[in-house]
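Have a look at the structure below before the remarks.
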Amino acid sequence: MSKNTLKTFALIGAVALLSFGNLAIAGVAKSWNLSRSVMNGVPSNPWGVWAFMQNTPGNDDPAKYTLLQKHTLPPCGKYPQECWADLSTLAGISIPKKAFIFEDNTSHFRLRKGIFHAHPGFQNQVILRWASPVSGAISLLGRVSDINPDCGDGIKWYLKKDSAILQSGVLANGMGSTFIASDIRVTKETKLYVVIDKKGDYACDSTNIDMLITSQQ
């Protein structure tokens, strides 16, 4: 990634965070930070406002998304991470308990402590869900990153409000994308989804997700 690209992401992040700060000054705000929510563990699914899910090919109805059921405390896959997965589809998420290097015959990349990690299955999408506990307007700042540059063909990602796609993108190996949205109207029935799709090949699709959601009350 070029220095100019990194500077652009930094500037976007700074502007967005400033906007969140202005919200807090203007009134009483609530916020939900994914990394902060999961850093100490995710013993249940759903976990608070967050849930870890999957979706079968061709389905566009969020009501048919299913929760990942298999919970594994560290070590998971011999690594110091906590996992939720479906062993039949290989879709899953993990929370590294400390930084480590993942290595196999094709890959060598680093996972950072406490950063939400997701991997789609050989057919299924893997999904992070946020269930709104408030009614009103929210703003969000997020980032998705393909963290395995060594193989595969990258990923597709979608940000959805219920069944509507708000934003989407395609990432090449080792690349990332920031998403920003403001004045999203929600009720206590609203769900937001970050959907990670395997694109063509599900191998080597390790993806980091982070998200901060702020609500103006």
So, the side chain of Asn173 versus the backbone of Cys151: is there a donor-acceptor pair under 3.5 Å, distance only? yes

*Any side-chain heavy atom of Leu171 sitting closer than 4.5 Å to one from Thr207?*
no

Point to revise | Within one Ile-Leu-Val-Met-Phe-Trp-Tyr cluster: Val144 and Met53, side-chain cutoff 4.5 Å | key: no

Is it the case that the ring center of Phe100 lies less than 6.0 angstrom away from the ring center of Phe109?
no

So CG of Leu111 and CD1 of Ile147: to nearest 0.5 Å the spacing works out to 4.0 Å

To the nearest 0.5 Å, atom SG of Cys204 lies from atom CD1 of Ile155 at 13.0 Å

Check your understanding: Can you check salt bridge (Lys or Arg N to Asp or Glu O under 4.0 Å) on Arg185 and Asp183, steps first, answer last?
Key -> CA-CA 6 Å; Arg185 308 303 298 187; Asp183 198 29; 3.6 Å; yes

Just by modelled atom types, is the Ser31 backbone N or O under 3.5 Å from a matching donor or acceptor in the Thr214 side chain?
no

- Item | Criterion side chain to side chain contact (heavy atoms under 4.5 Å, CB included) on Phe52 and Leu128, from CA distance to verdict | CA-CA 5 Å; Phe52 322 122; Leu128 171 69; 4.1 Å; yes

Interatomic distance, OG@Ser177 vs CG@Asp146, rounded to 0.5 Å, equals 12.0 Å

OG of Ser145 to CG of Asn208, rounded to nearest 0.5 Å, is 6.0 Å

Between Val134 and Ser215 the two heavy atoms that sit nearest each other are CG2-OG, 3.5 Å

With the side chain counted from C-beta on, respond yes when Phe116 and Ile95 share a heavy-atom pair under 4.5 Å apart, and no when they do not.
-> yes

### Query
Mind checking whether Leu68 and Leu192 sit in one hydrophobic cluster, side chains of I, L, V, M, F, W, Y counted as touching below 4.5 Å?
yes

query: Is any side-chain heavy atom of Lys198 less than 4.5 Å from a side-chain heavy atom of Gln123?
result: yes

The side-chain contact (heavy atoms from CB on, under 4.5 Å) partners of Arg36 (sequence neighbours excluded) come to Asn33

- Query: Any side-chain heavy atom of Met211 within less than 4.5 Å of one from Phe179?
  - Reply: yes

Practice task
Check whether any side-chain heavy atom of Tyr79 lies under 4.5 Å from a side-chain heavy atom of Pro74, and answer yes or no.
Solution key: no

Distance col, row Asp60:CG vs Ile165:CD1, nearest 0.5 angstrom, shows 7.5 Å

Next item on the list: Report, as yes or no, whether the 6.0 Å neighbourhood of atom CD on Glu103 holds more than 12 heavy atoms from other residues, nucleotides or ligands.
Entry: yes

| Cluster overlap Leu67 with Val195, hydrophobic side-chain contacts below 4.5 Å | yes

Report task. Answer with yes or no after comparing the ring centroid distance for Tyr193 and Tyr158 against a 6.0 Å cut-off, counting only values under it. Result -> no

Would a hydrophobic clustering, with Ile, Leu, Val, Met, Phe, Trp and Tyr connected at side-chain separations under 4.5 Å, put Val126 with Ile209?
yes

Practice problem: Give a yes or no on whether the backbone of Gly200 and the side-chain of Asp153 come within a donor-acceptor separation of less than 3.5 Å. | Solution: yes

Residues 82-90 side chain polar contacts: donor-acceptor under 3.5 Å, at least two apart:
unit_1: Glu82; atom_1: OE1; unit_2: Val42; atom_2: N; d: 3.3
unit_1: Glu82; atom_1: OE1; unit_2: Lys97; atom_2: NZ; d: 3.2
unit_1: Glu82; atom_1: OE2; unit_2: Val42; atom_2: N; d: 3.3
unit_1: Glu82; atom_1: OE2; unit_2: His71; atom_2: NE2; d: 2.7
unit_1: Trp84; atom_1: NE1; unit_2: Val42; atom_2: O; d: 2.8
unit_1: Asp86; atom_1: OD1; unit_2: Ser88; atom_2: N; d: 2.8
unit_1: Asp86; atom_1: OD1; unit_2: Ser88; atom_2: OG; d: 2.5
unit_1: Asp86; atom_1: OD1; unit_2: Thr89; atom_2: N; d: 3.4
unit_1: Asp86; atom_1: OD2; unit_2: Gln54; atom_2: NE2; d: 2.7
unit_1: Thr89; atom_1: OG1; unit_2: Gln54; atom_2: OE1; d: 2.8
unit_1: Thr89; atom_1: OG1; unit_2: Ala91; atom_2: N; d: 3.3

